[in-house]
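Okay, structure first, notes after.
Only heavy atoms go into these numbers, but all of them, side chains included; no hydrogens, no water, no symmetry mates.
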Amino acid sequence: MRYSEMLLPTTKETPSDAEIASHQLMLRAGLIRKLAGGIYSYLPLGYRVIRKVENIIREEMDRAGAQEVFLPAVQPAELWMESGRWNMYGKELLRFKDRHNRNYCIGPTHEEVITALVRDEIQTYRQLPLNLYQIQTKFRDEIRPRFGTMRSREFGMKDAYSFDATEEGAEDSYRKMFDAYNRIFERCGLHFRPVEADSGNIGGSFSHEFMVTADSGEDAMVHCTACPYAANLEKAECSRPEGETVTDDDSLPLEEVHTPDVRTIEEVCAFLDVSPSDVVKTMIFMSDDTPVAALVRGDEEINEVKLRNYLKSDRLELAMDDTILEVTGSPRGFAGPIGIKCRIIADYSLLNIKNFVVGGNRENYHIQNCNTPRDFKISEYADLRVIREGDVCPRCGETIRIVRGIEVGHVFKLGLKYSKAMKAMFLDRDGKEKYMVMGCYGIGVGRTVAACIEQSHDENGIIWPMAIAPYHVIITPVNMNDEAISRTAEELYRGLVSAGIQVILDDRDERAGVKFKDADLIGIPLRITIGSKGIAEGVTEVKFRKSGTVEKVPITAVVDYISDILVDA
RNA sequence: CGGGAUGUGGCCCAGCCUGGUAGGGCACUGCGUUCGGGACGCAGGAGUCGCGCGUUCAAAUCGCGCCAUCCCGACCA
């Protein structure tokens, strides 16, 4: 393609409403333009990258045995009422009425549509397993879209759905997708890590997120420094400490202390001159409609996802003030386990501590030198806290580290959730009707592109990995008015094009500096510079965007030289 | 939705406090010079100052309301 004919509006200045590198560079390099909040147009260069990623996804999905379909974006409300999500999904689901006043939504995801399709078309176990995928525009009316295509409202997503006759089959489908995702992100040149993720209400332990490591990532994940263990922060398990040696030795007598207006852990520590690890936090939650007290050491945080999973509750939230008063007999800030009127669950961090401070269950009082089981009994210990940097790995015992990441993919074993709700059944070998076992698997296409830039750029611009670069090569004639230069550039351009190489010829009548800056900004992996000095020697310069290294290559050998590089890549 | 900020040619911003002629840089058009890391000169085109109402002789500037955008918290690919 000739640069002079392309819609490729690069800018020197950084748009003021872009915060992170990938968003700034996507705007500056002319990949995207914003139409409205969280809604973006892809320009030619940006769309080429999208298509490259999509094609990698297609190849790997096809290779894994999935078949591509294309489902409607507009979906009737009845389907969503069937699954129960019309009322559950909330404001993120964009709803509207047609001219007949019928309710519709724009699909934020396609479980309903695919399940309805498959239940009508599949009757027997002989037709299973089945894995269908599509690459389609989704709309989620996000509370707060941000970071360009990283979290937009309208976005391209690959979503796949597997249907199996058995649990084992579903696990096999899951594993195939897991493997395919690894290949996809590897081919996109990303540094990523599959991490164990919370599977929430839906149950089962089969959920992994594919996280691209990036400091600007919105998610936190943990990984072990020694073994392959990696998990989403909210999922990461904390080991039960060794050796429960709680005895009454060196126990001091219980002591109620007046602590006027002292509520938070910090205030308690300052007031009583103790450290947070000598205090026990008592937090009152409402699990569905039942109050529960969760205990954790003062220097730790409660992980609400773990607590919810432990309790198997559908809804979990911090209790309101009136509940706290009812359960503890005191206002917020003084809750303690002694004499409390609800179920008590203690985090493992409560093992092995003694003479600790607890709330007094009485306004403006705390209790010191509390010990178990002397002063109150803990019948349930569980892993309830948020893991911390430096904790021990739950698998191997080595050190845990926390890093930030961008979730680009998610694989999920759905089980029977949708097949039951929507009656997706088949006739098994034994002549009995059974529910299909489902899985769903998503990849954010635009987010993957943004994540790639986030991970691969420098102060001059984007550095595309060869596999998803919009073009492989850019030819930069330093002066179009120099007859020898422009002729050589034209000839080389024709040579590369006929060799099937994706190339831009920067035929603009611009100074060399401008062309170099733009070439760096848009991140083309290879740049061929053609100048009069080189022509005199019969060579061109091939510069590698990533390493910055420059090779002098004879003009006659450039096409072969480039072809070889691309074959290796 | 709550908290904070911003809205001025396509882009980045000044002007607002202290009301009176809309300004700079980038980009764009023409001519000339220049030509290997975002050149220079001259001449030009381009703006309902987010929208509405109000205060005032007079509003980009002051007041009120609305809208939009961005950042920080609960959702998610």
In terms of ring plane angle, is the pair A/F210 and A/F185 parallel, tilted or perpendicular, where the classes change at 30° and 60°?
-> tilted
Working for salt bridge (charged side-chain N to carboxylate O under 4.0 Å, His left out), residues A/R153 and A/D141 = CA-CA 5 Å; A/R153 294 196 293 167; A/D141 202 353; 2.9 Å; yes
Nucleotide nearest A/S16 (side chain, heavy atoms from C-beta), chosen from B/rC71, B/rG37, B/rC13 | B/rC13
Quick one: which of B/rG36, B/rC70, B/rC75 gets closest to the side chain of A/D17?
-> B/rC70
Gap between atoms [atom1] and [atom2], on [X] and [N] respectively (whole Å):
| X | N | atom1 | atom2 | result |
| --- | --- | --- | --- | --- |
| A/K517 | B/rG36 | NZ | P | 16 Å |
| A/E317 | B/rC75 | CD | P | 12 Å |
| A/I135 | B/rA77 | CD1 | C1' | 13 Å |
| A/K515 | B/rA39 | NZ | C1' | 15 Å |
| A/I143 | B/rC76 | CD1 | P | 9 Å |
| A/L233 | B/rC75 | CG | P | 13 Å |
| A/H410 | B/rC75 | NE2 | P | 14 Å |
| A/L27 | B/rG10 | CG | C1' | 14 Å |

More than 12 heavy atoms of other groups within 6.0 Å of A/D17 CG | yes
Nucleotides 26-31 of chain B: which of its N/O atoms have a protein N/O under 3.5 Å away?
none

Within less than 4.0 Å of OP1 or OP2 of B/rA39, is there a side-chain N or O belonging to A/R511?
-> yes
Nearest-nucleotide check on RNA chain B, A/R151 vs A/A36; residue mapping nearer the 5' end is A/A36
Of A/K34 and A/I530, the one whose closest nucleotide on RNA chain B sits nearer the 5' end is A/I530
Base, sugar-phosphate, or nothing: which does [X] touch, judged by heavy atoms less than 4.0 Å apart?
| X | answer |
| --- | --- |
| A/I443 | nothing |
| A/Y181 | nothing |
| A/D159 | nothing |
| A/T14 | sugar-phosphate |
| A/V478 | base |
| A/E209 | nothing |

Of the options A/R404, A/R146, A/R144, which is the one that meets A/E218 in a salt bridge (charged side-chain N to carboxylate O under 4.0 Å, His left out)?
-> A/R146
Taking a pair as Watson-Crick or G-U wobble with both distances under 3.5 Å, which nucleotide is matched to B/rA43?
-> B/rU29
When you measure only distances, ignoring hydrogens and angles, does the side chain of [X] come within 3.5 Å of the base of [N] through a donor and an acceptor?
| X | N | value |
| --- | --- | --- |
| A/R144 | B/rC76 | no |
| A/N479 | B/rG36 | no |
| A/D219 | B/rC76 | yes |
| A/R527 | B/rG36 | no |

Verify side-chain hydrogen bond (donor to acceptor under 3.5 Å, both in side chains) between A/H410 and A/S207, making sure each step is shown before the conclusion.
-> CA-CA 7 Å; A/H410 198 162; A/S207 177; 2.8 Å; yes
For the residue pair A/F412 and A/Y161, is the inter-centroid distance of their aromatic rings smaller than 6.0 Å?
-> no
Might you work through the salt bridge (charged side-chain N to carboxylate O under 4.0 Å, His left out) test for A/R545 and A/D458, ending with a clear yes or no?
-> CA-CA 10 Å; A/R545 176 69 179 88; A/D458 62 16; 2.8 Å; yes
Taking the six-membered ring for Trp, does A/F155 stack with B/rA77 (centroid gap under 5.5 Å, planes within less than 30°)?
-> yes
Do we get A/R48 above A/Y471's six-membered ring, with its NZ or CZ under 6.0 Å from the centre and within 45° of the axis?
-> yes
Considering the options A/Y89, A/Y418, A/Y104, which one meets the ring pair (Phe, Tyr, Trp, His ring centres under 6.0 Å) requirement together with A/W80?
-> A/Y89
